[in-house]
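Below is one structure; the comments refer to it alone.
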Number of protein chains: 2
Amino acid sequence: MKKVDMIVKAPFFYTMQGEGVGFKSGVAMVVDGSKIMDFVPLDRVDKEYEAEEVLDMSHHAIFPGFIDAHMHTPDNIFRGLAQDTNSWMMYGLQPFSNAGRKEERVAAGRLAIVEAIKAGTTTLGDYHQGMDETCAFIDKTGARGNITQLIRAAKQRVYKTGELYEFVDEDGEKSLNENIELFEKWHNKNGRMRILFGPQGADFVSPELLLKIQKAAKERNTKIHMHVQQGDRETYQIVERYGKRPTEFLDDLGYLDSTLIAVHLTDCNDEEAALIAKRGAGMIVNPASIGIIDGIVCPSMAFQNAGGNVALGSDQAPGNNCHNIIHEMKNVCLFNKIKYGNPEVMPAWRALRMATIEGAKAVGVDDIVGSLEPGKQADFIAVDLDTTSMMPVYTYPMRNIVPNLVYSARGREVVLSVVAGKVIMRDQKLLNVDEQQLIEEVKKYPEEVGKRAAKEFFEIHGTNAQFMEEDKL
Amino acid sequence: MKKVDMIVKAPFFYTMQGEGVGFKSGVAMVVDGSKIMDFVPLDRVDKEYEAEEVLDMSHHAIFPGFIDAHMHTPDNIFRGLAQDTNSWMMYGLQPFSNAGRKEERVAAGRLAIVEAIKAGTTTLGDYHQGMDETCAFIDKTGARGNITQLIRAAKQRVYKTGELYEFVDEDGEKSLNENIELFEKWHNKNGRMRILFGPQGADFVSPELLLKIQKAAKERNTKIHMHVQQGDRETYQIVERYGKRPTEFLDDLGYLDSTLIAVHLTDCNDEEAALIAKRGAGMIVNPASIGIIDGIVCPSMAFQNAGGNVALGSDQAPGNNCHNIIHEMKNVCLFNKIKYGNPEVMPAWRALRMATIEGAKAVGVDDIVGSLEPGKQADFIAVDLDTTSMMPVYTYPMRNIVPNLVYSARGREVVLSVVAGKVIMRDQKLLNVDEQQLIEEVKKYPEEVGKRAAKEFFEIHGTNAQFMEEDKL
């Protein structure tokens, strides 16, 4: 009898090993310390192992915890304030973005993290300025972070149409140094945190700074997480400055390699997406966010067809407006079926791989998570199948658990989340933080943020200002 | 002091009166019997009214209950068995559809109804054969039904490509008579049930029967709820038989008028959709269902732009795969933004109108529901704003409650549902039926259905049979 920390018994395991979903049945999963140790037939496990804790999930399916690869959780303070408008950033977000203070953002960001975890996310790919507090909070929840600090040299001010951004070299250096500080403080902390480098985009920093960031990332054996060709605004800036489109510019700079995680590719054609994939970079697609902000389906299938790996992200609450990877799984399927007019493209299993093992490969964490296999971290979730959204459950002649998870589940079906062998969420309640207290704290902010934003909001007089006048909000 | 049954106090009411969302604040809603009686300023309500029950919803927004205008709930027995395939009906659904028995369908349908109610639906537009048991169950839950019995003369058998359906006149007559029986038994029962007439489509019945159905509906002052130009299969049948496309055929037959509720219009161009709208018919669009089944965004905006009203529907669980109108609201917005490449089209408030007052107009129930106003039925829901998906809540300089409901909520935020003045759901628990018992009952069926379906499933060997072999399910 070997003594171990945890045995997980369940009728269905989706390990995501191999090229499909790695389905296993009739087995138990053995966890010791932070790692998965073994899968053992159910009728043998109690003879071979003695566990501190036995999780008997009798009507549940076990999946690897989901990876939300790209989030701006501090923007959660602006949830629901910027959708349904053209020029999202200028007409929608800007009045609020200019009015939000750091403590307000950090507090609201915590709620976004709670929201994501309750829907099955165990690895959070947050990306913003000032990520120190966010790292501390993710660490407190017990979840895993794959965190990026934003690096930017372009001055934060209003630019006229066609005006090139003004680079302030010391701002760029300062934000790179903050990224390095964050790396030194948090990278590999408690075995659950990795820090990446985060130029906001090729248009927001000089080529020299881009290369300096690349050197810093490679020296530290970590990745660069960057918005790439994320819209016509970026394309215009790069074409004006360097005479080529962003993908070609980055390729010529030697930036398209396995160190890069390229986010969005909103303005890429299929050939550009394929080139980025062939150079070995990963991609993150944020279906609902870019759907709401731009009305665009990003070229994630072109990227995959060229052999690249794609992760899913929920992006930000002012223009999505939620942090729920199950929702992104369904959307990436539906949007591509609609884009190609073909119900066979982007099936459920593919989206599930993007939320797990394919996503892990895309963002470089597949050495530790993304699938359930001996030696990897014990990051997993249990989905309750005795629920209206997951029922009925078929096993013959086909299983319908994956389609029901991807196309029907809403998030509340996730009744257990384990990270690094520790239970962090049970029955939709986080164990290490007090959700009600976090909610109470955030309630005091909107009134102040709104007052500060009002002048610019009414001056810009965008879609949502009109909607207020017309009794449409 | 007038004695009444119920006073509802809440900070925000979205009454859906007028052309927008009918926002009211600082008021209480007074309910007497099954009807809304009054809106009174909060500081006066306790002086003017004495109520049996005071609902103090201090951190909630009140909306009219949602209308799910088109559902096939008995197909819920096949949830998750038919997506990601071409020729959905033949390669996906058929092996299972041929194997399902009535008691299995009815039992699973009950779970679909529970799922819908828990996500805020109060009026269910079910449409299927054998709706008597379904009416009885909806009646038991306390919800409202707008129910259609399916009428069909085309023989149920496998047809070769290009073969015209074989009409069996007595089958058509029989199903029309069943529809009339259902009408006589259930129409206006308990004030919460209406019965419509339901030819499956212009391709499934003869022109003579279509006209007979129309006469039966008009005599009874009710509506015809029919799939219209729902795909190239239908268009082919009608063109071959009558030498014109379905819309023109129906127009020439005198079928496009205010008695008709036209579902899907999947294969309609914008001009055909506009013609149907101009003739005074209503439309029901089922975004996620047709997205999954066909990869198509139906022309609901063309219909609206021509002055027509459009309701939302969740359609069926084998090819959607869920019954949740919040989900359909987000999808109708996203899909149209993507279809037109324009983030301004189909804003959140418009989708909310489709789920409430515009939907009520489209399906002819706006005399009793769809908005909160004195004299209408007291059908409403309370949405908890102290939740990660609805927070933060802004009221100035803009309100974000509607965008957060449409783009962020998942369903569990609906903590109270009232129909005809009676609470039917509280804290995600239905009060009049036992969800756990319904779940237990459905659990026994999939094994038997699967065994019966297996032979045809393997013979057809569609996408999902391949996925099973490839470890993708």
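The sequence lines fix the lettering, A, B, ..., with proteins before strands; numbering per chain opens at 1.
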For N321(B), the option from L405(A), N404(A), V406(A) that meets side chain to side chain contact (heavy atoms under 4.5 Å, CB included):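 Only match with N321(B) under side chain to side chain contact (heavy atoms under 4.5 Å, CB included): N404(A).
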Candidates I439(A), N76(A), L438(A) - the one meeting side chain to side chain contact (heavy atoms under 4.5 Å, CB included) with M391(B):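 For M391(B), the side chain to side chain contact (heavy atoms under 4.5 Å, CB included) test succeeds with only one of I439(A), N76(A), L438(A), which is I439(A).
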Does either side chain, that of [X] or that of [Y], offer a donor lying less than 3.5 Å from an acceptor on the other one?
{"X": "Y407(B)", "Y": "D84(A)", "answer": "yes"}
{"X": "K443(B)", "Y": "H59(A)", "answer": "no"}
{"X": "E115(A)", "Y": "S389(B)", "answer": "no"}

Is it true that a side-chain atom of [X] and a backbone atom of [Y] form a donor plus acceptor pair closer than 3.5 Å?
{"X": "D471(B)", "Y": "F23(A)", "value": "yes"}
{"X": "N342(B)", "Y": "G295(A)", "value": "no"}
{"X": "E344(B)", "Y": "N86(A)", "value": "yes"}
{"X": "R79(B)", "Y": "T388(A)", "value": "yes"}

Between CG on residue N400(B) and CG on residue L473(A), distance to nearest 0.5 Å: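 Here the rounded value is 8.5 Å.
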Pick whichever of [options] has the most heavy-atom pairs under 4.5 Å with chain B.
{"options": "E447(A), E470(A), H327(A)", "value": "H327(A)"}
{"options": "G20(A), P392(A), P343(A)", "value": "P343(A)"}
{"options": "G22(A), G18(A), A317(A)", "value": "G22(A)"}
{"options": "A453(A), C322(A), G450(A)", "value": "G450(A)"}
{"options": "V21(A), T387(A), V114(A)", "value": "V21(A)"}
{"options": "P95(A), G341(A), G411(A)", "value": "G341(A)"}

Toward chain B, the part of [X] with a non-hydrogen atom under 4.5 Å:
{"X": "K330(A)", "answer": "side chain"}
{"X": "R412(A)", "answer": "side chain"}
{"X": "V402(A)", "answer": "side chain"}
{"X": "Q17(A)", "answer": "backbone"}
{"X": "N324(A)", "answer": "side chain"}
{"X": "Q83(A)", "answer": "side chain"}
{"X": "A119(A)", "answer": "neither"}

In this structure, are over 12 heavy atoms from other groups packed under 6.0 Å from [X] atom [atom1]?
{"X": "F12(B)", "atom1": "CZ", "result": "yes"}
{"X": "E459(B)", "atom1": "CD", "result": "yes"}
{"X": "E469(B)", "atom1": "CD", "result": "yes"}

Aromatic plane relationship, Y396(B) with F458(A) - under 30° parallel, 30 to 60° tilted, over 60° perpendicular: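 Rings of F458(A) and Y396(B): tilted, 30 to 60°.
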At a 4.5 Å cut-off on heavy atoms, which part of [X] comes close to chain A: side chain, backbone, both, or neither?
{"X": "T463(B)", "answer": "side chain"}
{"X": "D294(B)", "answer": "backbone"}
{"X": "A288(B)", "answer": "both"}
{"X": "F96(B)", "answer": "side chain"}
{"X": "I401(B)", "answer": "neither"}
{"X": "N320(B)", "answer": "both"}

Would you mind telling me which of [options] has the largest number of heavy-atom pairs within less than 4.5 Å of chain A?
{"options": "P446(B), A465(B), P347(B)", "result": "P446(B)"}
{"options": "G319(B), G291(B), P403(B), A108(B)", "result": "P403(B)"}
{"options": "E435(B), M346(B), R399(B)", "result": "R399(B)"}
{"options": "R410(B), M468(B), M390(B)", "result": "R410(B)"}
{"options": "C333(B), G80(B), P287(B)", "result": "G80(B)"}
{"options": "L385(B), N336(B), L334(B)", "result": "L334(B)"}

Check against side-chain contact (heavy atoms from CB on, under 4.5 Å), F335(B) and I338(A): CA-CA 8 Å; F335(B) 291 4; I338(A) 287 168; 3.7 Å; yes
Trace of the side-chain contact (heavy atoms from CB on, under 4.5 Å) decision for K472(A) with E19(B): CA-CA 8 Å; K472(A) 287 171 177 165; E19(B) 299 301 305; 5.6 Å; no
Pair I77(B)-Y394(A), side-chain contact (heavy atoms from CB on, under 4.5 Å): steps then yes or no: CA-CA 10 Å; I77(B) 190 69; Y394(A) 284 81; 3.8 Å; yes
F467(B) vs M398(A), side-chain contact (heavy atoms from CB on, under 4.5 Å): CA-CA, chis, key distance, verdict: CA-CA 9 Å; F467(B) 285 167; M398(A) 67 175 276; over 6 Å; no
